[in-house]
There are 2 protein chains.
Amino acid sequence: MDMTDKPAGTDCRGVSEILSRVGDKWTIQVVIALRLGSLRFNGIKREVGGISQQMLTRTLKTLERDGMVERTVRHTTPPQVEYTLAPLGHSLSETVRHLADWAAAHQGRIKEHRSQYDARQH
Amino acid sequence: MDMTDKPAGTDCRGVSEILSRVGDKWTIQVVIALRLGSLRFNGIKREVGGISQQMLTRTLKTLERDGMVERTVRHTTPPQVEYTLAPLGHSLSETVRHLADWAAAHQGRIKEHRSQYDARQH
DNA sequence: CGGAATCCAGTATGATACTG
DNA sequence: CAGTATCATACTGGATTCCG
């Protein structure tokens with residue numbers, strides 16, 4: 001065993017894969033939409049706003065596959081499909097919130113830097 | 001004033017822009033490479049491994065523009081350009097580390113979920 | 001050495017139409 | 001309602017070449 005400073009099974013590729021998930025355009029917004037309770041497909045679509053049907057389908061499928069979201073089908077007519085944030089998804093949303101707080105707190109300074117940089121016409 | 005729960009200047013687009021930066025393929029790896037000290041262009045390239053010249057150039061330029069990294073040119077022959085993590089960049093790296101820790105801690109469970117999901121041939 | 005410029009492939013995303 | 005299928009397009013990232 002030479003992995004003295006990392007828990008067994010830790011894989012950098014897996015970690016950066018999750019980071020890229022966080023950075024994708026819709027995943028986090030969908031997770032946030034589900035934080036306060038279950039929603040159905042078009043409910044999420046309304047809540048997120050701007051997302052296409054296809055991207056919502058894909059995003060939800062990925063989230064379900066990863067165990068972040070649970071999908072429940074009611075065989076009524078018309079059918080109803082309910083999406084609920086699983087514990088893993090809640091946990092992720094809490095962690096991401098810290099990052100979002102950081103971003104909110106520092107975006108002013110970042111925009112300042114950009115203005116200065118652009119003013120110098122690099 | 002109706003913005004009772006947000007600091008002035010907070011903008012969701014700015015926040016998700018930063019999240020997408022975190023999720024991009026190279027930004028975080030470059031920041032991590034610089035955490036322990038300054039490095040020159042090809043030093044970062046060696047440290048990160050797998051990054052192309054162009055992507056490193058682009059990534060560094062963006063990081064510099066945002067005030068995460070400082071760039072110092074020494075007009076020697078051949079020229080030397082040193083990159084240093086600015087306080088803002090250090091701050092970001094600390095925040096991202098929490099997310100990386102979460103990812104490392106939960107990727108086992110996520111992989112499990114995926115296997116189960118795929119086994120059911122959805 | 002530290003880039004800039006160009007070209008190109010793969011993927012992410014969007015719009016639209018159709019289905020059970 | 002909750003998707004699937006198809007096409008079009010934009011953006012990301014990689015390879016290569018050239019420059020001060």
Side-chain angles (χ1 to χ4, degrees), chain A residues 12-13 16-31 33-34 37-66 69-84 117-118 120-122, chain B residues 12-13 16-31 33-34 38-66 69-84 117 120-122:
Chain A
C12 280
R13 295 179 189 181
S16 63
E17 195 198 323
I18 291 172
L19 293 190
S20 78
R21 201 81 98 229
V22 168
D24 98 12
K25 195 171 178 183
W26 301 115
T27 298
I28 293 305
Q29 293 190 59
V30 169
V31 168
L34 289 172
S38 303
L39 282 174
R40 284 162 51 193
F41 188 88
N42 283 314
I44 302 174
K45 193 165 187 303
R46 268 187 299 276
E47 200 69 22
V48 169
I51 189 170
S52 68
Q53 269 186 350
Q54 188 181 89
M55 287 315 298
L56 181 52
T57 299
R58 288 189 200 177
T59 303
L60 285 169
K61 205 174 289 183
T62 303
L63 284 170
E64 191 200 351
R65 190 170 102 104
D66 288 357
V69 159
E70 275 155 19
R71 181 174 178 266
T72 312
V73 184
R74 297 186 207 297
H75 294 281
T76 57
T77 49
Q80 295 184 354
V81 181
E82 199 171 85
Y83 291 93
T84 306
Y117 184 95
D118 294 346
R120 277 178 267 137
Q121 295 143 23
H122 283 273
Chain B
C12 280
R13 294 178 191 183
S16 62
E17 195 197 324
I18 291 172
L19 293 191
S20 77
R21 202 80 98 230
V22 168
D24 96 12
K25 196 171 177 182
W26 301 113
T27 297
I28 294 305
Q29 293 190 58
V30 169
V31 168
L34 289 172
S38 303
L39 282 174
R40 284 164 51 195
F41 188 87
N42 284 314
I44 302 175
K45 193 165 187 300
R46 269 187 299 277
E47 200 69 23
V48 170
I51 189 170
S52 67
Q53 269 188 352
Q54 187 183 94
M55 287 315 298
L56 182 53
T57 299
R58 286 189 201 176
T59 303
L60 285 169
K61 203 175 290 181
T62 304
L63 284 170
E64 190 199 352
R65 191 170 100 104
D66 288 358
V69 159
E70 275 155 20
R71 180 174 180 266
T72 311
V73 182
R74 297 188 207 298
H75 295 281
T76 58
T77 47
Q80 295 183 353
V81 182
E82 199 171 85
Y83 292 93
T84 307
Y117 184 94
R120 276 179 266 135
Q121 295 144 22
H122 283 273

Worksheet, complete the sentence: Taking every heavy atom of Asp24(B) against every heavy atom of Trp26(B), the minimum-distance pair comes out as OD1-N, 2.8 Å
Worksheet, complete the sentence: Students should find that the end-to-end axis angle of the helix from dC1(C)-dG20(D) to dG20(C)-dC1(D), with five pairs defining each axis and rounding to 10 degrees, is 40°
Practice prompt. Could you tell me from which nucleotide to which nucleotide of DNA chain C, 5' to 3', there is an atom under 4.0 Å from chain A heavy atoms?
Written response: dT13(C) to dG20(C)
Practice prompt. For DNA chain D, determine which residues of residues 38-45 of chain A have any heavy atom closer than 4.0 angstrom to one of its atoms, and list them numerically.
Written response: Arg40(A), Phe41(A), Asn42(A)
Worksheet entry | Touch class at under 4.0 angstrom, heavy-atom based, for Thr57(B) against every strand present | sugar-phosphate
Worksheet entry | Qualifying salt bridge (Lys or Arg N to Asp or Glu O under 4.0 Å) pairs, either residue in residues 43-56 of chain B, two or more places apart | none
Fill in: Spacing of CG belonging to Leu39(B) relative to CD1 belonging to Ile44(B), to within rounding of 0.5 Å
5.5 Å
Practice prompt. For residues 73-82 of chain A, pull every pair meeting side chain to side chain donor-acceptor pair (under 3.5 Å), keeping only residues two or more places apart or in separate chains.
Written response: Arg74(A)-Glu82(A)
Response to the item:
The reported gap from CG in Leu56(B) to CG in Leu63(B) (rounded to nearest 0.5 angstrom) is 9.5 Å
Practice prompt. Apply salt bridge (Lys or Arg N to Asp or Glu O under 4.0 Å) to Arg40(B) and list each qualifying residue two or more places apart in sequence or on a separate chain.
Written response: none
Item to complete: Could I get the full list of side chain to side chain donor-acceptor pair (under 3.5 Å) partners for Ser38(B), not counting sequence neighbours?
Response: Thr84(B)
Worksheet entry | Closest non-hydrogen atom pair between Leu60(B) and Phe41(B), with its separation | CD1-CD1, 4.0 Å
Fill in: Straight-line distance of Ser20(A) OG to Ile28(B) CD1, nearest 0.5 Å
12.0 Å
Worksheet entry | For Thr62(B), all residues meeting side chain to side chain contact (heavy atoms under 4.5 Å, CB included), sequence neighbours excluded | Arg21(B), Asp66(B)
Discussion item. What does the B/S/- profile of nucleotides 6-20 of chain D look like, 5' to 3', with a 4.0 Å heavy-atom cutoff to protein?
Written reply: B------BBB-B--B
Worksheet item: If you look only at pairs with a residue in residues 51-60 of chain B, which of them pass as a side chain to side chain donor-acceptor pair (under 3.5 Å), with sequence neighbours excluded?
Response: Gln54(B)-Arg58(B)
